[in-house]
Amino acid sequence: MRSSSFALATLALTLGQSLLGVDAAALDTRASGQQLTVNATPSKKSQFGVDLFIETNINSGTDGGLYAELINNRAFQVPAGAPTGNNALGQGTLASWSKVGASTSLDLTLQNPLSHALPKSVAVTSSAKNEACGLTNSGYGGFSVKPQKYDLSFYARSVDGKPTTVKVKAGLYSADRSRTWTEQTLTLQLTSEWKQFKASMTPTASAPDTNNVFSIKTAAGCGSGMQLNLVSLFPPTWKGTVARADLAQALADTKPVLVRVPGGNDLEGNSISAWFNWTNAVGDVKNRPGRIGTWIGWNTEGFGLLEMMDMIEKMGAQAVLGIYAGYSLDKKAVPKDQLGPYIESALNQLHFLLDTSGKWADLRASYGRAAPYKLEHVEIGNEDWIYNAPDSWPYRYPPFRDAIAKAFPQLELIASSPYSFQGQQAIDQHDYNTPSWFIDAYDKMDSWPRNGTKIYELEYAVINSGLTNDADIYSGKSRLQHPTLIAALAEATFLLGAERNGDLCHGAAYAPIFMNEVPGLTQWTPDLISFDAGRSVKSISYYVQQAFGMHRIDNIHDVKASTPPKQAGLFHSVGSDAAGSRITVKLVNTKSSAQSASVRLSGGGGKKVSAAGAQQWQLSGSNAQASNTMGQPNTVVPKSGALPAGALQNDGSLQMTLPPYSFTIVTLPLA
Ligand SMILES: *[C@@H]1O[C@H](CO)[C@@H](O)[C@H](O)[C@H]1NC(C)=O
Ligand SMILES: *[C@@H]1O[C@H](CO)[C@@H](O)[C@H](O)[C@H]1NC(C)=O
């Protein structure tokens, strides 16, 4: 992902032009539909899986999104304005906070800090003894209120250090204060020591919208003053993790194989001092300093290293762990003679996750996780082709690779350096482009060398419709707000190509996943899942990615097409499972008209396809530019069920009419 734009040439759409040179015989074949002859004997094994990439920070997708914390700026860390290189602790503001009571003052202070990590707190005082006093948080675009348990925690002391008792009510209210959704009374006996207070509350009904706030307030005065910090409110989370339930479930539903964490650009930080240092992202949240966001605000790192690993494990997936490789987004690299501590930190991180005994295993156990994690893939760096990163790459990459390979020879090391192959085990290359580019890329991997270097595409997305031929697809007019139907079909076409080359391409992941649609919280469009405080919407691209996860193949079957796929605008991938018990046919029709296709197995070793239990999954629509949005979440959603009667002929061939703009997957049992 590039955080600023530069010109990049788009490839011209060749589909229309290629028709010009076609001879009459080929046109005759097209007239009777596309004929696909599938070799019943697989040609190779596929390792291809659809993966996820959780690009932390961007679009408020982790803090404000996947991390279920509801209080925005819970420890007064969010700085003013857009993030800069300033990674100093204690620069935070009262962003998202406001006072309750006209005579109330909210004053940020560095006096008597809660912890070294969270040096700033708020002093809440009132000059009126019989007026309400307190503070309100506006959340990440309000609060969703449902009849479910909310867990509150905060730390408090008395402002002047002298004992004082303050009776407060903490709860969720409509923003206009006309409704109290839920409320708890707490009697705070405050002294000079910080104390943690906890309460839970359960509304009896849902609020009609998210136009709600959270407050801690009194009926009269604030005693001699309360100093507060780390104010936290959690709804029920996904499977005992810290993840927001609807968003994590949407991720799990794609059946990911690998999940790349943490960002992206956010792994690197906007300056070297803001890199993702894992030691600050483990343990009690009171001791996590966080760091300046790469895209927005401040990373609390509440969704920290173990929290990410736990969520990924509960999804039945494995992490691709991103390791900082000494280059940050201000285009500065750690000098060669200063790389040592970063390499050591990476090794310690891996010991912390993987060791079965010793000090790192003990540390992990002290944080509540005794067993080591299953982790087999590490990605060194992020986009090491970007800006001037390649200049320092030759001295930065080898020492990380060599040290990790020596200590953990079992790990697959993925390099983030696609343009300068140097015998890497694996590379991760990223593609952001137009629909025509992705459709044209259907066969781009067909001719790549099979020499041991594996390919990942752990960031891909159609980001520009291509309709205005923008010279710069990033900042041009046709930049997409949401994935469109043709964008999703172009991505599907690209994934068919990756899957057909699943011996070489081991995984792909759409990026970025999340977009918080509350104004001001998003920096990058389009995205896989949009959400606000209450709702989430799956894009058409989401359903495409999910379809690949639900219909994985183990073996690749070669196909002979009567008309070249690009000429027909009809793309395929055919595979079978390891046991040879079913065959899966995936077909994308990128045209605006219906197309007929026949699929026939040849050879076969006696196995026959059977109609009993045959399934079809299909996504289609009439408008290529349609999107799923908050207002219209179900514009294009897939349908699945039994294969329509008659599709499977008596001779075992499959006869299909593929709707305009469609992606169809047929699963046929083999007997
Ligand atoms: C990572 O953070 C820890 C704790 O703040 C610090 O001691 C260490 O020096 C940091 N590592 C690097 C390489 O900066
Ligand atoms: C594979 O081929 C590429 C492209 O020719 C080359 O740059 C790379 O070093 C090769 N990989 C290995 C492991 O030899």
Side-chain angles (χ1 to χ4, degrees), residues 56-57 62-63 75 77 79 83-92 110 113-120 229-230 261-294 298-309 321-355 359-364 366-367 378-382 384 389 392-393 395-404 406-408 416:
T56 42
N57 187 258
T62 37
D63 283 312
Q77 294 170 295
T84 63
N86 191 344
N87 194 42
L89 298 183
Q91 303 289 314
L110 290 164
L114 171 63
S115 63
H116 176 73
L118 306 179
K120 215 170 210 181
N229 204 354
L230 196 46
V261 283
N265 290 1
D266 190 53
L267 171 72
E268 301 167 274
N270 279 342
S271 65
I272 291 172
S273 69
W275 71 292
F276 176 80
N277 179 338
W278 71 275
T279 61
N280 295 326
V282 292
D284 190 335
V285 293
K286 189 173 76 171
N287 299 320
R288 297 187 198 185
R291 64 200 168 96
I292 190 93
T294 300
W298 190 263
N299 284 310
T300 64
E301 311 288 30
F303 192 63
L305 181 61
L306 295 181
E307 287 86 356
M308 293 177 198
M309 296 298 288
L321 188 68
I323 295 282
Y324 178 68
Y327 183 84
S328 292
L329 294 165
D330 58 357
K331 307 181 186 177
K332 293 207 171 74
V334 175
K336 189 176 180 181
D337 61 358
Q338 289 167 33
L339 281 175
Y342 298 92
I343 297 169
E344 198 190 325
S345 174
L347 294 175
N348 292 345
Q349 184 177 9
L350 291 166
H351 282 295
F352 176 72
L353 295 175
L354 294 171
D355 283 3
K359 74 168 182 180
W360 295 110
D362 292 347
L363 180 65
R364 187 183 64 233
S366 78
Y367 295 147
V378 163
E379 179 160 343
I380 299 172
N382 174 63
D384 263 311
S392 56
W393 189 73
Y395 80 72
R396 287 185 295 109
Y397 178 72
F400 278 94
R401 176 197 59 200
D402 295 346
I404 297 172
K406 183 157 176 256
F408 303 95
S416 62

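For ligands, and for the atoms within them, numbers begin at 1 and follow the listed sequence. If you read the sequence from its start, that first residue is 1, and numbering goes on from there.
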Donor-acceptor pair, [X] side chain versus [Y] backbone, under 3.5 Å?
{"X": "R288", "Y": "G302", "answer": "yes"}
{"X": "N280", "Y": "P289", "answer": "no"}
{"X": "N87", "Y": "S273", "answer": "yes"}

| query | How far is atom 1 (C) of ligand 1 from its nearest protein heavy atom, and which residue and atom is that? | reply |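 Answer for atom 1 (C) of ligand 1: N277 ND2, 1.4 Å.
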
| query | What are the atoms of ligand 1, with element, lying closer than 4.0 Å to any heavy atom of T279? | reply |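 Numbered from 1, ligand 1 contributes 1 (C), 2 (O), 3 (C), 4 (C).
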
| field | Contacting atoms of ligand 1, where contact means under 4.0 angstrom from a heavy atom of W275 | value |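 Those atoms are 11 (N), 12 (C), 13 (C), 14 (O).
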
| message | For D362, give me all partners under side-chain contact (heavy atoms from CB on, under 4.5 Å), at least two apart in sequence or on another chain. | response |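 Counting only residues at least two positions away or on another chain, D362 forms no side-chain contact (heavy atoms from CB on, under 4.5 Å).
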
| said: Using heavy atoms and a 4.0 Å limit, tell me yes or no: is W278 in contact with ligand 1? | reply: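 It does not; every heavy atom stays at 4.0 Å or beyond.
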
| query | How about S271 and D330: does a side-chain donor come under 3.5 Å of a side-chain acceptor? | reply |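 No, no side-chain donor-acceptor pair sits under 3.5 Å.
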
| field | Contact (N/O only, under 3.5 Å) between S345 and ligand 1 | value |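 The answer is no, given that S345 and ligand 1 share no N or O pair closer than 3.5 Å.
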
| said: Among T294, D266, T62, which residue satisfies the side-chain hydrogen bond (donor to acceptor under 3.5 Å, both in side chains) criterion with T56? | reply: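 Answer to the side-chain hydrogen bond (donor to acceptor under 3.5 Å, both in side chains) test with T56 among T294, D266, T62: D266.
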
| query | Would you say atom 9 (O) of ligand 1 touches the protein, meaning some protein heavy atom is under 4.0 Å from it? | reply |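 Answer no: nothing from the protein, no heavy atom, is under 4.0 Å.
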
| message | Does the protein come close to atom 5 (O) of ligand 1 - that is, does one of its heavy atoms sit below 4.0 Å from that atom? | response |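 Yes; the ligand atom in question has protein heavy-atom contact below 4.0 Å.
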
